[in-house]
Amino acid sequence: MAQNSNEKRMERREKSDRNMNRAVVLLITGLVAEWYLLMADRYYARGTVTQMLGWYDYFGVMRWAALGVFAVGVALLMMRAQKRWTKWLGGALAVVGAFLSFTSFAMRHYFPTSVTVLCVLVPVLLILGIIYLFYQTEFSMQATALAMALFALVLLSRSGTTMVKVCAVLAILGCAALLAVTLSLKKNGGKLVLKGRDLRLFPASMDYRVTLCVLAACIVLVVLAFAVPAVAFYATWVLAVGAFVLAVYYTIKLM
């Protein structure tokens, strides 16, 4: 029994160390990405005419150059005889290439809304990544739904353009997909069946009521805000307070 207890303790420590290292890499990557986007916001979205034209031409070249970097990264990842550094380099090139190509295309063709959206999206994804690494799986799912819903509500409270409405619809569909997955997990005792294999995401003894209520609330509030834009402001505060309460609750559960 003592040996098993020591082995479990070592496994938890190793997992904690791995997650901490991943969190540091994620944090550095997120900060660099946010700095890049803030520079684009400062000198492209709010810059002089000369600066705007310079960045516009830069994005035109970068989107294709970054796409080439992405292709090289994918090629390295697909190599059969992989070494550790080859796999790491391929993953890094693929991520950097995909990020620069996508952001260049978005900021060039959907100016200036895309710049603001991307500046907000990166910190949100950074927080979700840290939650995924350190918190319970159910809170990760709840936080993902809350992030999508809050993002849609903030946009709906500020604008009613077609792009904003599309983002709101995507948020509703995303939360609905998470709700469907949660119901499937509840039916299968916390396991997700993929190609005949059981992947455990939730503990067998998990109480699904909180997760289902959060997902349902996200869907209902975004739908209401979509139908009645004046509701968006109040719905944003409701979900923001709910997110804070859930963060405190799951942080206490970790202790």
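Defined by atom type and a distance below 3.5 Å, a donor-acceptor pair is present between the side-chain atoms of Q142 and T211.
Side-chain contact between L77 and K87 is present, with at least one heavy-atom pair separated by less than 4.5 Å. In this structure the side chain of Q51 never reaches within 4.5 angstrom of the side chain of Y44, judged on heavy atoms. Using a 4.5 Å heavy-atom cutoff, the side chains of P229 and L156 are not in contact. Contact check for V115 versus R46: no side-chain heavy atoms found under the 4.5 Å cut-off. At least one side-chain heavy atom of K186 sits less than 4.5 Å from a side-chain heavy atom of L212.
Of all heavy-atom pairs between C119 and D41, the closest is SG-CB, 4.2 Å. Closest non-hydrogen pair, V222 versus A168, comes out as CG1-O, 3.9 Å. When all heavy atoms of L93 and G73 are compared, the closest pair comes out as CB-CA, 3.8 Å. Closest approach of V231 and A225 over heavy atoms only: CB-CA, 4.3 Å. Residue L100 comes nearest to T103 through the heavy atom pair O-OG1, 3.3 Å, listed as atom of the first residue, atom of the second, then distance. Here the closest non-hydrogen pair linking L146 and C218 is CD2-SG, 3.7 Å.
Within the model, atoms CZ of F99 and OG of S104 stand 8.5 Å from one another, a figure rounded to the nearest 0.5 Å. Atom CG of L246 and atom OH of Y135 lie 11.5 Å apart (nearest 0.5 Å). The structure places OG1 of T236 at 6.5 Å from CG of L150, a figure rounded to the nearest 0.5 Å. Going from atom CZ of R42 over to atom CG of L38 covers 11.5 Å, rounded to the nearest 0.5 Å. Here the CD-CE distance, from E34 to M39, works out to 10.0 Å after rounding to the nearest 0.5 Å. Distance OG1/T251 to NZ/K253: 11.5 Å, rounded to 0.5 Å.
Side chain of S157 to main chain of A232: no donor-acceptor pair is present (N/O by atom type, distance under 3.5 Å, no hydrogens or angles). A donor-acceptor contact shorter than 3.5 Å links the side chain of T144 to the backbone of S140. For R108 (side chain) and F59 (main-chain N/O), no donor-acceptor pair under 3.5 Å exists by modelled atom type. Distance alone, capped at 3.5 Å, is enough to place a donor-acceptor pair between the S101 side chain and the R63 backbone.
By the 6.0 Å contact criterion, OH on Y132 is open, its count of non-hydrogen atoms from other residues, nucleotides or ligands being 12 or less. Counting heavy-atom neighbours within 6.0 Å of K187 NZ, excluding the residue itself, gives a total of 12 or less. Under a cut-off of 6.0 angstrom, the local environment of CZ in F102 is sparse, with at most 12 non-hydrogen atoms contributed by other residues, nucleotides or ligands.
Linking ILVMFWY side-chain heavy atoms closer than 4.5 Å, directly or via other members, places Y36 and V122 in a single hydrophobic cluster. Cluster annotation: L153 and V238 are assigned to the same hydrophobic cluster (Ile/Leu/Val/Met/Phe/Trp/Tyr, side-chain heavy-atom contacts under 4.5 Å, transitive). A single hydrophobic cluster is not seen to contain both V220 and V223; linkage of ILVMFWY side chains at heavy-atom distances under 4.5 Å, directly or through other members, places them apart. Residues V69 and W88 share a single hydrophobic cluster, defined by chaining ILVMFWY side chains whose heavy atoms lie under 4.5 Å apart. A chain of hydrophobic side-chain contacts below 4.5 Å, direct or via other Ile, Leu, Val, Met, Phe, Trp or Tyr residues, connects M20 to L133.
In this pair, Y43 and W55 present their aromatic rings parallel. The plane angle is below 30°, not in the 30 to 60° band. Using cut-offs of 30° and 60° for the angle between ring planes, the F233 and W237 rings count as perpendicular.
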Could you walk me through whether M148 and L178 pass the side chain to side chain contact (heavy atoms under 4.5 Å, CB included) test, one step at a time? CA-CA 11 Å; M148 291 190 292; L178 291 177; 3.8 Å; yes
List the steps, then state whether side chain to side chain contact (heavy atoms under 4.5 Å, CB included) holds for V117 with F151. CA-CA 9 Å; V117 170; F151 188 70; 3.2 Å; yes
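Centroid-to-centroid, the aromatic rings of F139 and Y249 stay 6.0 Å apart or farther.
In summary, of the residues considered (V124, I131, L125, I130), a side-chain contact (heavy atoms from CB on, under 4.5 Å) with I127 occurs for I131 alone.
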